[in-house]
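Chain letters run A, B, ... following the sequence lines, proteins first and then strands; every chain starts at 1. Quick note: numbers below take in every heavy atom, side chains included, and nothing from hydrogens, waters or symmetry partners.
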Protein chains: 2
Amino acid sequence: MMIPDFVDVKCSACPIRHRAVCARCDTEELLRLEKMKSYRTFPAGTEILWRGEPLDYVASVVSGVASLSKTMEDGRTQMVGLLLPSDFIGRPGRAKIEFDVTATTDVTLCCFARAPFEALVIDTPHVAQRLMELALDELDAARDWMLLLGRKTAREKIATFLDMLARRSQLITPKGAGTAPAAALHLPMTRDQIANYLGLTLETVSRQFSALKREGIIDVPDRRSVIVINIDLLQNATGDDADGGVVA
Amino acid sequence: MMIPDFVDVKCSACPIRHRAVCARCDTEELLRLEKMKSYRTFPAGTEILWRGEPLDYVASVVSGVASLSKTMEDGRTQMVGLLLPSDFIGRPGRAKIEFDVTATTDVTLCCFARAPFEALVIDTPHVAQRLMELALDELDAARDWMLLLGRKTAREKIATFLDMLARRSQLITPKGAGTAPAAALHLPMTRDQIANYLGLTLETVSRQFSALKREGIIDVPDRRSVIVINIDLLQNATGDDADGGVVA
DNA sequence: CGCGGATTTGACCAGCTTCAATGAGGGTGG
DNA sequence: CCACCCTCATTGAAGCTGGTCAAATCCGCG
């Protein structure tokens, strides 16, 4: 099912140029990266990497959404990360990973052969530093998620998830500029995948969607869309501070 | 309640010399570190850092156990990390952290002033690389914990916790060398703190301890000790693969 | 138009939390 | 040395949330 797609794009024209590992690379470094990179596309639902599989490549997500997940023998699974464009797959100095990486939507990766990439990391502090920043960002996200998984109610989990999508979609004006107009969100995953992300069952996810809809906080026009009708009520339902933790 | 304790120890005599940030430093780098470091001790229960507080120091844990935790406005809290000797507090390139750091037991830290430490990180790839490794280890631990918080039952959580302590205490022979003899574990935290770590209530923690005791899997001679009577049954109860995920 | 997967909804139940009372240590002061 | 107290821990009973099982519905697609 894998569809290799080696049509490369110039780094200078890359949509994630300014946020990915290569964010702070100079022209010369970009040339070096250009030589070791290749694009590759995975259709929604396919496995990008299996747990324990040796990593010959590291990669940046160029477009689409991929997920990291852990599975127990009896089939219970928990998503432990969501990879959006500019996020990085693989880790310097480690030959394998302890979770599965799956294409949630169609995903295009910018793959780098492992050996030359590691050499580049050693040579260029830019890249090493950027990798560190990306790792620390992931760590912060993982810790926020631990609070959600360990302590939030089903309703709070769903509200937090939708609020996160709304923020990510940049449909909320950065400065507190009053209530944003009704915002349509695209859900990149099925109810089952949302459940695995939030540590719930798909039935509970569905019920909470229905409850928020009944209360007029959201609308669900089709299975892949959510319209946020009242962002303030949604944020109240997340259990977080209204302002996202920033001191007023 | 904070008891500053500036009695320094030579790096060469440091108990965590081979595992902390400074693990791969050469003699010259150690000298540089020596100049910017100071030891500091915090009694059990005191706050080492508050969320959002500016970080003037970064530090390594020399002895004792510290915890990272997040708290919601209504008081629900979730521990998002446990810091053991050689673990690192603080992050290069970030002036503050998004969680509280608390001394779980009496804790001694090896503190480095932030500015000179960051300069050192930029100059010395050894240190930057070691920091990256420590961050990736934390990320792996965080993801394991996400699976636990999102999908494991109370019984599995307690069993996983005890199994982790047993492994950390190195009371289990590395190679599968038959059943280890009964092993006494010291619990570094109260039932309430264990509950916050595992995403449970303290009553549930207590009940699961009692259940495992009733089944003859563990003994609980006093509130700070657990004796593992049958490590195989304990590991069966964790929900993980018997061999901890390593391929047989 | 009918098929198949995804979703919604309902009914029931289990596990965990909540509320409440009792018990065990450990330290302090008389 | 012992009584007292305070914190931590255990145990019980009852209630709720979310999970499980099952059926109905929706929707995209050939």
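Within the nucleic acid shown, B:Thr190 comes within 4.0 Å of sugar-phosphate atoms alone, with no base atom in reach, counting heavy atoms only. Using a 4.0 Å heavy-atom criterion, one finds that B:Leu200 contacts the sugar-phosphate atoms exclusively.
Between B:Gln208 atom CD and C:dA14 atom P there is a gap of 17 Å when expressed in whole angstrom units. Between the CG atom of B:Leu202 and the C1' atom of D:dT10 there is a distance of 10 Å, rounded to whole Å. The distance between atom CG of A:Asp192 and atom C1' of C:dT8, rounded to the nearest whole Å, is 14 Å. As rounded to whole Å, 10 Å separates atom C1' of D:dT10 from atom NZ of B:Lys213. The nearest whole Å value for the distance from the CZ atom in A:Phe209 to the P atom in D:dG18 is 15 Å. Atom CG of A:Asp222 and atom P of D:dC29 are 12 Å apart (whole Å). Rounded to a whole Å, the CG atom of B:Leu187 is 9 Å from the P atom of D:dA9. Summarising the geometry, the separation between CE on B:Met189 and C1' on D:dA9 is reported as 16 Å, rounded to the nearest angstrom.
In this model, the phosphate group of D:dT10 is approached by a side-chain N or O of B:Arg191 to a distance below 4.0 Å at OP1 or OP2. Checking the phosphate oxygens (OP1, OP2) of D:dG19, a side-chain nitrogen or oxygen of A:Thr204 falls inside 4.0 Å. For the pair B:Ser210 and D:dT11, the criterion of a side-chain N or O lying under 4.0 Å from OP1 or OP2 is met.
A donor-acceptor contact under 3.5 Å is not formed by the side chain of B:Arg207 with the base of C:dC16. A donor-acceptor contact under 3.5 Å links the side chain of B:Glu203 to the base of C:dC19.
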With side chain to side chain contact (heavy atoms under 4.5 Å, CB included) as the test, would you mind laying out the steps for B:Leu162 and B:Val226 before giving the verdict? CA-CA 8 Å; B:Leu162 292 176; B:Val226 168; 4.2 Å; yes
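Across every non-hydrogen atom of B:Leu149 and B:Gly199, the tightest pair is CD2-N, 3.9 Å.
Remark: B:Glu98 engages B:Arg51 in a salt bridge, criterion side-chain N to carboxylate O under 4.0 Å. Under a 4.0 Å N-O distance rule, the pair A:Lys152/A:Asp240 qualifies as a salt bridge.
Between A:Gly199 and B:Arg224, the residue whose closest nucleotide on DNA chain D is further toward the 5' end is B:Arg224. Where A:Val205 and A:Arg151 each meet DNA chain C at their nearest nucleotide, the meeting point lying more 5' is that of A:Val205. In terms of position on DNA chain D, the residue among A:Arg223 and A:Lys152 whose nearest nucleotide sits closer to the 5' end is A:Lys152.
B:Tyr197 and B:Phe161 have perpendicular rings, their planes meeting at more than 60° on a 0 to 90° scale where under 30° would count as parallel.
Evaluated for a side-chain hydrogen bond (donor to acceptor under 3.5 Å, both in side chains) with A:Thr77, the options A:Asp192, A:Asn196, A:Thr71 yield exactly one hit, A:Asn196.
Evaluation of the salt bridge (charged side-chain N to carboxylate O under 4.0 Å, His left out) rule for B:Asp137 yields A:Arg94 as partners, not counting sequence neighbours.
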Distances under 3.5 Å between nitrogen or oxygen atoms of protein and nucleotides 1-4 of chain C:
none

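B:Tyr57 carries B:Arg40 over the face of its six-membered ring, with the cationic atom under 6.0 Å from the centre and within 45° of the normal.
The side chain of A:Ser206 lies closest to C:dT7 when the candidates are D:dG19, C:dT7, C:dC16.
End-to-end axis angle of the helix from C:dC1-D:dG30 to C:dG30-D:dC1, from C1' rotation axes over five pairs per end: 30° (rounded to 10 degrees).
Judged by distance alone, the side chain of B:Asp219 and the main-chain N or O of B:Pro221 form no donor-acceptor pair under 3.5 Å. In terms of modelled atom types and a separation under 3.5 Å, the side chain of A:Thr108 and the main chain of A:Thr41 share no donor-acceptor contact.
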